[in-house]
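For reference, positions follow the sequence shown, starting with 1.
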Amino acid sequence: DHPPSPPNPHSKPSFLLLGTLCFSHHFFHLSYPFRGQFIVHDDSGHLRVEERIWFNSDFNFDNVLSAMLALFTISTFEGWPQLLYKAIDSHTEDMGPIYNYRVGISIFFIVYIILIAFFMMNIFVGFVIVTFQEQGETEYKNCELDKNQRQCVQYALKARPLMRYIPKNPYQYRVWYVVTSSYFEYLMFALILLNTICLGMQHYEQSDEMNQLSDLLNVVFTGLFALEMVFKLCAFKAKVGIRLME
């Protein structure tokens, strides 16, 4: 029998390694689109010649630490589209960007977000939750009650009666009855849905009639939602609403 061979490090390439190989020194750009020198006209009226400078992106894959910071930025979903656009426009090492030069490289970011930001993060959070639950179960190891019985006892100890505000004023009671009805909730849900559809209908280079219609619908929906707020303020007093929230 032969001893097992060590695993090949290249058989499971990490995103850190792939990012460093694909984007190392690829995110540089010039202060002006062309190389060489350019003339600057300062406030004093003098002209001076300056060299164009290479600038690197704040998030890059030039080394391991920078690549870890860039991947962490992608996993947080904050500012990663700018990094994606720079990767798509990247040319070769130490060369300036070209618009949409490598569109297919966006698969790297999509796969990383799906595998790391979605699955691995959820698995980690789930593992932490399960660990805390198991640690909590060890406290009741010698308890005669099972899990369901303990939950029933805890619920009975923490249960509180529900508070429902009913106004005594007959006029306010009518408004309260309308606002708390299921039909009113369905109506407001339908208005929210229509408002969302109207916002989604807006598109690039739309006509002036479409702009006027969108502005008019925004005013109408804003007025309806403001009217809902007035009705609910009339039905529920401010102090009562704060007390119910507490």
Test side-chain contact (heavy atoms from CB on, under 4.5 Å) applied to Val103 - qualifying residues, sequence neighbours left out:
Ile88, Asn100
Over all atoms of both residues, closest heavy-atom pair of Gln202 and Ser214:
NE2-CB, 3.6 Å
Does anything in residues 100-123 pair up under ring pair (Phe, Tyr, Trp, His ring centres under 6.0 Å), and if so which pairs, sequence neighbours excluded?
Phe15-Phe108, Phe15-Tyr112, Phe23-Phe108, Phe23-Phe109, Phe77-Phe118, His91-Tyr101
Using the ring pair (Phe, Tyr, Trp, His ring centres under 6.0 Å) criterion, which residues pair with Tyr173? Sequence neighbours excluded.
Trp176
Test of understanding: with side-chain contact (heavy atoms from CB on, under 4.5 Å), list the residues that count as partners of Gln82, not counting sequence neighbours.
none
Show me the side-chain donor-acceptor pairs of residues 193-201 shorter than 3.5 Å, one per line, residues at least two apart or across chains.
{"from": "Thr196", "atom 1": "OG1", "to": "Ile192", "atom 2": "O", "distance (Å)": "2.8"}

Under the side-chain contact (heavy atoms from CB on, under 4.5 Å) test, which residues partner Asn122, sequence neighbours left out?
none
Residues which pass side-chain hydrogen bond (donor to acceptor under 3.5 Å, both in side chains) with Asp58, listed by chain and number, not counting sequence neighbours
none
Non-neighbouring partners of Glu185 that pass salt bridge (Lys or Arg N to Asp or Glu O under 4.0 Å), sequence neighbours left out:
none
Is it the case that the side chain of Ser181 and the backbone of Val178 share a donor-acceptor pair, with hydrogens and angles ignored and the cut-off at 3.5 Å?
yes
Between Ala235 and Pro167, the two heavy atoms sitting closest are O-CG, 4.5 Å
Do Asn60 and Ser57 get their side chains close enough for a donor-acceptor pair, meaning under 3.5 Å?
no
Residue pairs meeting salt bridge (charged side-chain N to carboxylate O under 4.0 Å, His left out), one or both in residues 200-227, sequence neighbours left out, come to none
For a quick test of your reading: what N or O donor-acceptor pairs under 3.5 Å do the side chains of residues 219-233 make, sequence neighbours left out?
{"from": "Thr222", "atom 1": "OG1", "to": "Asn218", "atom 2": "O", "distance (Å)": "2.6"}
{"from": "Glu228", "atom 1": "OE2", "to": "Lys232", "atom 2": "NZ", "distance (Å)": "3.2"}

Sequence neighbours left out, what pairs pass salt bridge (charged side-chain N to carboxylate O under 4.0 Å, His left out) with at least one residue falling in residues 168-179?
none
Closest non-hydrogen atom pair between Val179 and Phe184, with its separation:
O-CD2, 3.4 Å
Sequence neighbours excluded, which residues qualify as side-chain contact (heavy atoms from CB on, under 4.5 Å) partners of Ile129?
Val125, Gln133
